[in-house]
Amino acid sequence: MNDSLTRREHHAVVRLPEGVTGPRLGAVVAVVPSHICTSVNLVDELLVVQDREGVDRWQVTARGVDT
């Protein structure tokens, strides 16, 4: 894993190299998680995004199910 990115279930910490300006407050930043098991379990639906546009919504049918 890259030392500049630490990913957890539903959040990430990014460490930028010295002199690199981070995104402005409110900017949209895409992060691809390694897995999202517990995050999906917390919501009723997922918004499917392609090329920065919402293209579909998927219902989470197993919401709250503990396997």
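The basis for the numbers below is simple: all heavy atoms, side chains too, and nothing from hydrogens, waters or symmetry mates.
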Exercise for review: Could you state whether W58 and V49 fall into the same hydrophobic cluster, counting links through intermediate Ile, Leu, Val, Met, Phe, Trp or Tyr residues with side-chain heavy atoms under 4.5 angstrom apart?
Suggested key: no
**Study point:** Partner residues of V55 under the side-chain contact (heavy atoms from CB on, under 4.5 Å) criterion, sequence neighbours left out
**Key:** V48, Q50
Practice item. Could I get the full list of side-chain contact (heavy atoms from CB on, under 4.5 Å) partners for A62, not counting sequence neighbours? Key: V65
Exercise for review: Indicate the atoms forming the closest heavy-atom contact of T21 with L16, along with that distance.
Suggested key: C-CD1, 4.1 Å
Point to revise | Test side-chain contact (heavy atoms from CB on, under 4.5 Å) applied to R57 - qualifying residues, sequence neighbours left out | key: E45, L47
Point to revise | Pairs satisfying salt bridge (charged side-chain N to carboxylate O under 4.0 Å, His left out), at least one member in residues 20-43, at least two apart | key: none
Check your understanding: Who are the salt bridge (charged side-chain N to carboxylate O under 4.0 Å, His left out) partners of D44, not counting sequence neighbours?
Key -> R63
Review point. Which residues pass the side chain to side chain donor-acceptor pair (under 3.5 Å) test with D51, sequence neighbours left out?
Key: none
